[in-house]
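Lettering follows sequence order; numbering is per chain, from 1.
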There are 2 protein chains.
Amino acid sequence: MADSHKITISELAKRTGVSEATISRALNDSPRVKQTTKDKIQKLAKELGYHPNILARSMRTNQSKTIGVIISNIANAFFTSVVRAIEDEAAKLNYRTIVINTDENPGTERNAIEMLQGYMVSGFIIASTRRGLDYKPILGNTPAVFIDRMPNNDGDYDTLLVNNADGAKQVVNALIAQGATRIGVISSSVSTAGQERLAGYKAALQDNRLSLDESIIKFSDVQMKNVRQYTSNLLINQACDGLFTADNAILLAAMEEITARKLTGFKLGAFDNEPWFDFFNTPVTAVQQPTIEMGTRAVQLLTTRIDQPEDAGVPELLRLTVNLVKRG
Amino acid sequence: MADSHKITISELAKRTGVSEATISRALNDSPRVKQTTKDKIQKLAKELGYHPNILARSMRTNQSKTIGVIISNIANAFFTSVVRAIEDEAAKLNYRTIVINTDENPGTERNAIEMLQGYMVSGFIIASTRRGLDYKPILGNTPAVFIDRMPNNDGDYDTLLVNNADGAKQVVNALIAQGATRIGVISSSVSTAGQERLAGYKAALQDNRLSLDESIIKFSDVQMKNVRQYTSNLLINQACDGLFTADNAILLAAMEEITARKLTGFKLGAFDNEPWFDFFNTPVTAVQQPTIEMGTRAVQLLTTRIDQPEDAGVPELLRLTVNLVKRG
DNA sequence: CTGTTAGCGCATTCAT
DNA sequence: ATGAATGCGCTAACAG
């Protein structure tokens with residue numbers, strides 16, 4: 001019963017006696033309106049609690065100032081942090097975000113993109129869950145930036161990754177420096193990042209003249225169902241004195257097994273770092289990904305492509321650096 | 001260059017020779033269209049990759065099938081989990097969500113609500129950050145459900161809380177059972193939840209005939225700047241043999257101090273639980289909030305109010321139960 | 001500096 | 001069973 005009458009531009013026009021066009025211009029602070037008129041209109045708008053209908057504006061201008069963010073697994077603290085940075089930077093640049101979580105489900109990803117097209121999103125930021133997908137026909141002319149994982153269409157889109165191989169190598173080197181000589185690894189099969197991290201693991205072994213044993217290289221499934229079993233297998237049966245987990249989700253699943261079975265006598269390494277790793281009973285040496293930078297840069301790259309397409313140049317592949325955090 | 005021509009209803013009308021109205025009806029599976037016509041149109045729409053413009057539809061129908069979610073601190077794992085549940089349930093009921101994080105900033109909260117009004121959201125789910133605010137005039141007739149924190153307008157809106165006092169009491173009782181006799185507490189001053197949890201703490205002391213010492217009751221600031229100092233103060237200067245932290249953020253800040261100064265010889269309790277608390281070197285007894293249930297129920301309450309306002313009845317205040325997880 | 005006109009894409013009367 | 005016409009709220013030509 002409060003707002004019996006919704007405040008629109010035409011409502012303001014009626015009340016002030018000027019045309020809708022003038023109201024619109026005044027509200028958008030156009031220089032083509034006399035200052036006194038502007039003042040009067042803006043004052044009234046504030047009094048009446050006018051707020052623009054973003055949907056109508058988006059339709060009219062054919063751009064919604066909204067970024068569609070498609071994330072493969074929001075439960076992963078890494079993505080949570082990236083999304084947070086995306087939202088902050090987007091807000092700063094006067095963009096809104098709509099975040100969709102795909103749970104690593106390729107079908108969901110495609111649906112999400114198409115649904116967001118219906119929202120007339122100005123662009124996408126995507127942590128891709130399907131390696132093989134050709135995004136060009138789906139995205140059409142809509143700008144997009146890919147993060148964390150390389151899409152098939154590298155070359156068509158700006159892509160923002162970290163130096164996965166180097167980071168993994170740093171971790172494994174640290175484990176070796178801590179005395180480990182037989183280091184098991186549980187990597188991820190779903191993302192390109194997992195493959196690169198595995199390559200870094202191998203490089204570290206080679207640099208340290210440790211032999212490569214394929215039987216202590218494991219791959220987690222999407223739901224992490226097999227990680228606990230692999231952990232015991234590596235640390236007990238395979239007698240590993242080191243374990244490298246290739247992402248956050250894998251580490252936590254492995255820690256469950258380590259804690260439950262009170263496994264000790266090995267060095268633990270991980271990709272992805274969280275402040276609360278400091279509190280773990282089993283020390284974990286990890287690389288911290290630049291999540292804030294990744295989210296911030298992604299938005300900047302995207303909005304540049306949206307707002308100044310001519311300035312954007314050819315799509316780039318950027319590699320951000322990671323930081324080693326030694327523990328134990 | 002791919003989709004040189006965007007597929008709209010009028011485009012489909014041209015290609016099929018029928019009117020836009022028929023296309024619209026067919027696409028919405030109206031019974032007022034011949035089946036064969038429907039089939040033909042739906043098939044073509046699929047072929048051409050037609051997707052409805054949600055903005056146009058929302059404007060026309062005056063409802064966007066979108067839920068505005070306003071969260072006071074998304075970095076808190078508790079809220080992350082609730083939001084996740086909200087998104088899942090909303091998707092199931094064919095609603096979209098737009099999530100805005102206010103960082104406990106009251107000004108941001110108000111802006112967020114007004115901005116989302118511009119998106120014509122069908123309703124709000126709000127973790128309020130301002131105790132004193134009267135939401136009625138801002139929200140108007142838009143349905144809303146409040147979660148985690150009691151708004152001033154209880155009675156006007158469905159509200160979904162946990163049994164804070166009881167949960168805190170359970171934790172403190174457990175600490176006492178573990179042998180603690182002088183339990184310091186760091187609570188939150190911003191939310192109503194913090195006050196209720198403090199009441200639960202006091203109740204537990206009373207039940208166990210422990211005296212209440214106001215000098216070991218502290219309140220965190222919003223940025224948790226003072227928590228580390230309080231932690232040392234309580235555990236060292238005040239010689240507490242127990243510490244109760246009233247939420248996730250407070251616990252983590254306290255753990256920083258505990259870890260840095262290697263503080264031992266006390267029992268730790270907390271509101272909010274995370275799976276990885278299992279891995280901490282200092283065991284923490286905590287209550288797990290029903291985050292999934294809270295998110296799910298919030299969406300159900302809200303969508304009921306949106307879709308069947310007559311069935312919704314008077315606004316309810318619901319208290320969900322929490323589960324104690326003993327450690328140490 | 002301001003007004004008039006038109007249309008974004010869609011769903012919905014009211015016709016037929 | 002289908003079509004014609006209208007308008008949601010806004011901005012962008014085009015006048016003047």
Side-chain angles (χ1 to χ4, degrees), chain A residues 3 5-42 44-45 48-66 94 96 114-122, chain B residues 3 5-42 44-45 48-66 114-122:
Chain A
D3 46 356
H5 225 50
K6 191 181 289 180
I7 306 300
T8 67
I9 280 189
S10 84
E11 177 69 19
L12 292 176
K14 274 184 211 134
R15 301 217 189 192
T16 52
V18 300
S19 73
E20 294 189 18
T22 300
I23 302 283
S24 174
R25 292 188 188 109
L27 259 20
N28 290 306
D29 209 33
S30 159
R32 300 172 44 194
V33 180
K34 212 199 318 179
Q35 190 60 45
T36 51
T37 317
K38 261 199 267 193
D39 290 343
K40 196 179 55 182
I41 292 172
Q42 289 173 354
L44 182 67
L48 266 43
Y50 168 82
H51 290 281
N53 184 318
I54 315 268
L55 273 45
R57 171 187 291 167
S58 300
M59 264 188 65
R60 184 58 241 244
T61 62
N62 202 30
Q63 55 145 352
S64 64
K65 283 271 187 188
T66 301
N94 204 26
R96 255 67 51 194
E114 293 175 340
M115 190 268 278
L116 288 174
Q117 306 264 31
Y119 274 88
M120 305 181 71
V121 294
S122 311
Chain B
D3 48 355
H5 225 49
K6 192 181 289 182
I7 307 299
T8 67
I9 280 189
S10 86
E11 177 69 18
L12 292 176
K14 273 184 212 137
R15 300 217 191 192
T16 53
V18 301
S19 73
E20 293 190 19
T22 300
I23 302 282
S24 175
R25 293 188 186 109
L27 259 20
N28 289 308
D29 210 32
S30 159
R32 299 174 45 194
V33 180
K34 212 197 319 177
Q35 190 58 46
T36 53
T37 318
K38 260 199 261 189
D39 290 343
K40 196 179 58 182
I41 292 172
Q42 288 173 354
L44 183 68
L48 265 44
Y50 168 81
H51 289 282
N53 184 317
I54 315 269
L55 274 47
R57 170 185 293 169
S58 301
M59 263 187 66
R60 185 58 238 255
T61 61
N62 202 31
Q63 57 146 344
S64 65
K65 283 271 186 187
T66 300
E114 293 174 340
M115 191 267 277
L116 288 174
Q117 306 263 33
Y119 275 89
M120 305 180 72
V121 295
S122 312

Undergrad: How many Å lie between CE on A:M120 and C1' on C:dC8, as a whole number?
TA: 7 Å
Undergrad: Report the distance from atom NZ of B:K65 to atom P of C:dC10, rounded to the nearest whole Å.
TA: 18 Å
Undergrad: C:dA6 C1' sits how many Å from A:E20 CD, rounded?
TA: 12 Å
Undergrad: OP1 or OP2 of C:dC8 less than 4.0 angstrom from a side-chain nitrogen or oxygen of B:N53, does that happen here?
TA: no
Undergrad: Once you round it to whole Å, what is the distance between P of C:dG9 and CG of B:L27?
TA: 15 Å
Undergrad: Is B:E114 close to A:H51 at the side-chain level, that is, under 4.5 Å between some pair of heavy atoms?
TA: yes
Undergrad: Measure all distances between protein nitrogen or oxygen atoms and nitrogen or oxygen atoms of nucleotides 14-16 of chain C, and list the pairs falling under 3.5 Å.
TA:
none

Undergrad: Would a 4.5 Å heavy-atom cut-off, applied to side chains only, mark B:K6 and A:N62 as touching?
TA: yes
Undergrad: It should be established whether A:T22 places a side-chain nitrogen or oxygen under 4.0 Å from OP1 or OP2 of nucleotide C:dT2.
TA: no
Undergrad: In whole angstrom, what separates A:D29's CG from C:dC1's P?
TA: 13 Å
Undergrad: Find the distance B:N28:CG to C:dC10:C1' and express it as a whole number of Å.
TA: 9 Å
Undergrad: Identify whether any heavy atom of B:T8 sits under 4.0 Å from a base atom; if not, whether one sits that close to sugar-phosphate; answer base, sugar-phosphate or nothing.
TA: sugar-phosphate
Undergrad: Taking any atom under 4.0 angstrom from a heavy atom of chain A, which nucleotides of DNA chain D are the first and last to qualify, 5' to 3'?
TA: D:dG9 to D:dA15
Undergrad: Could you state the NZ-C1' distance from B:K6 to C:dC10, rounded to the nearest angstrom?
TA: 13 Å
Undergrad: Is the shortest side-chain heavy-atom distance between A:R32 and A:R25 below 4.5 Å?
TA: yes
Undergrad: Tell me which residues in residues 54-63 of chain B lie within less than 4.0 Å of DNA chain C, going by non-hydrogen atoms.
TA: B:A56, B:R57, B:R60, B:T61
